[in-house]
Amino acid sequence: MKTKPALPLDIKLMNWTSSVLMLVFALLMLVSLVAWAARQPLFAIAGMTVRGDVSHNNEVTLRANVAARFSGTFFTVDLKRAQSVFESVPWIRRAVVQREFPNRLRIVLQEHQPVGYWGIEGESRLINSHGEVFEANVGEVEQEGLPRMNGPEGQAGAVLQMYQKLTPVFKAVDLLIEQIDLSGRGSWRLRLDGGAVIELGRGSGEEVIARLQNFLGTLTQVTGKYGRKPNALESADLRYSEGFAVRIRGVSTLVPDGQKK
């Protein structure tokens with residue numbers, strides 16, 4: 001039985017190279033075919049399904065104002081780009097964009113939930129429940145009686161947290177916070193719904209709350225002494241080391257005299 005002679009090395013390399021080239025060519029043809037198919041009108045984006053929070057936006061307005069800002073077919077559309085476009089729409093905080101075969105997009109929206117106005121009086125910015133500042137038409141705010149919050153840029157979250165900590169303290173004496181301000185030096189200032197202004201001073205949340213609770217406990221005694229309720233408060237300064245200065249409508253007193261911090 002004769003043994004088949006081994007092929008020379010150069011012939012083997014030539015055959016191997018030919019096989020590799022044929023495989024590469026086949027892959028390139030496949031990729032080209034897929035790319036061609038992906039661009040066909042059959043897979044053009046025909047519509048979108050919108051889910052989630054749609055209080056200020058709906059599928060019709062989004063299709064009219066957003067869809068034209070990104071391009072591509074079902075296979076080629078840039079989902080990250082589409083997400084950015086949706087999140088640039090007023091009131092939309094987050095958008096999740098997914099493909100729905102064969103030619104639709106599915107969008108799940110999360111809108112901003114406003115908990116207050118941000119900035120000085122007259123500004124159109126709002127702050128959401130995550131402590132994030134966003135731009136929107138304040139005329140579309142459905143909630144009534146939202147407080148105004150103000151502070152240095154980047155401190156919106158801290159201002160919201162302080163507001164949330166102080167609100168139940170005032171609620172216990174039937175008072176509401178209308179505005180809270182944080183100065184660049186870290187000092188807190190409040191305006192109540194009755195117009196009273198309270199200077200809280202600086203300190204951690206725990207320190208400010210302890211100072212405030214001590215003040216409110218004394219306030220009920222002082223207002224009761226003069227036949228008034230806590231909502232008769234006109235102004236208060238808690239920036240004293242051993243007491244506070246307080247003004248009640250029709251009455252003025254200082255308890256006790258000390259040094260400001």
Side-chain angles (χ1 to χ4, degrees), residues 114-129 131-133 138 141 143-261:
V115 295
Y117 300 97
W118 178 260
I120 61 176
E121 198 76 34
E123 286 195 34
S124 62
R125 291 187 295 173
L126 296 157
I127 181 171
N128 66 20
S129 55
E132 301 163 341
V133 177
V138 296
V141 176
Q143 298 89 333
E144 295 183 358
L146 291 181
R148 179 163 292 277
M149 306 180 191
N150 192 24
E153 291 298 323
Q155 294 298 310
V159 176
L160 176 60
Q161 287 181 7
M162 182 63 82
Y163 170 80
Q164 292 171 332
K165 291 178 180 178
L166 297 180
T167 295
V169 179
F170 280 100
K171 191 174 182 180
V173 291
D174 294 323
L175 296 174
L176 296 175
I177 300 173
E178 185 177 87
Q179 180 168 333
I180 178 169
D181 297 279
L182 174 63
S183 72
R185 300 182 62 183
S187 185
W188 295 95
R189 184 174 185 268
L190 303 177
R191 186 177 72 219
L192 305 184
D193 60 337
V197 175
I198 303 178
E199 297 287 353
L200 294 175
R202 289 177 286 182
S204 66
E206 291 71 21
E207 292 171 336
V208 171
I209 290 175
R211 193 183 308 145
L212 178 61
Q213 288 176 327
N214 180 54
F215 161 70
L216 291 177
T218 305
L219 176 64
T220 55
Q221 299 176 16
V222 173
T223 54
K225 178 179 179 181
Y226 292 96
R228 290 169 171 79
K229 295 182 179 180
N231 60 9
L233 179 68
E234 191 172 272
S235 65
D237 193 338
L238 280 58
R239 297 174 296 175
Y240 290 84
S241 59
E242 298 178 357
F244 52 82
V246 61
R247 178 178 289 277
I248 301 169
R249 291 187 186 90
V251 180
S252 181
T253 185
L254 184 66
V255 185
D257 192 11
Q259 298 298 320
K260 286 186 179 182
K261 292 184 178 181

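Scope of the values below: all heavy atoms of this structure, side chains included, with no hydrogens, waters or symmetry mates. It should be emphasised that the depicted structure is a prediction, and the values quoted were computed from it without experimental measurement.
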Please walk me through it: do Q179 and R189 pass side-chain contact (heavy atoms from CB on, under 4.5 Å)?
CA-CA 8 Å; Q179 180 168 333; R189 184 174 185 268; 5.6 Å; no
Note, R202 side chain near S187 side chain (heavy atom, < 4.5 Å)
yes
Closest non-hydrogen contact found for E234 with R249 is OE1-CG, 3.8 Å
Can you find a pair of side-chain heavy atoms, one from L212 and one from I209, that are under 4.5 Å apart?
no
Taking all non-hydrogen atoms of both residues, which atom of P152 and which atom of G184 are closest, and how far apart?
CG-CA, 4.1 Å
Can you find a pair of side-chain heavy atoms, one from W118 and one from L126, that are under 4.5 Å apart?
no
Considering all heavy atoms of both residues, which atom of A236 and which atom of L233 are nearest to each other, and what is their separation?
CB-CD1, 4.3 Å
Any chance you could measure S183, atom OG, to N150, atom CG, to the nearest 0.5 Å?
10.5 Å
Heavy-atom check, side chain of I180 versus side chain of M149, under 4.5 Å
yes
Hey, what do you get for CG (D193) to CG (D174), rounding to the nearest 0.5 Å?
10.0 Å
Are any of the side-chain heavy atoms of I198 and W188 separated by less than 4.5 Å?
no
Only one of V159, L160, L166 passes side-chain contact (heavy atoms from CB on, under 4.5 Å) with M162; say which it is.
L166
Nearest atoms (heavy-atom pairs only) where I248 meets R228
CG2-CD, 3.6 Å
Going from CG on L192 to CD1 on I177, what distance comes out if it is rounded to the nearest 0.5 angstrom?
7.0 Å
Ignoring hydrogens and geometry, is there a side-chain-to-backbone donor-acceptor pair from R239 to D237 under 3.5 Å?
no
Go through it in stages, so that I can follow the logic: the residues are F244 and T218, the test is side-chain contact (heavy atoms from CB on, under 4.5 Å), and I'd like the CA-CA distance, side-chain angles, deciding distance and then a yes or no.
CA-CA 10 Å; F244 52 82; T218 305; 3.4 Å; yes
I need the L190 CG to E199 CD distance, nearest 0.5 Å.
9.0 Å
Enter the distance from R211:CZ to Y240:OH here, rounded to the nearest 0.5 Å.
13.0 Å
Please report the shortest heavy-atom distance between V173 and P230, naming the atom on each side.
O-CB, 4.3 Å
Minimum-distance pair of heavy atoms, taken over all atoms of L238 and F215:
CD2-CB, 3.8 Å
Calculate, to the nearest 0.5 Å, the distance between atoms CZ and CD1 belonging to R148 and I127 respectively.
11.5 Å
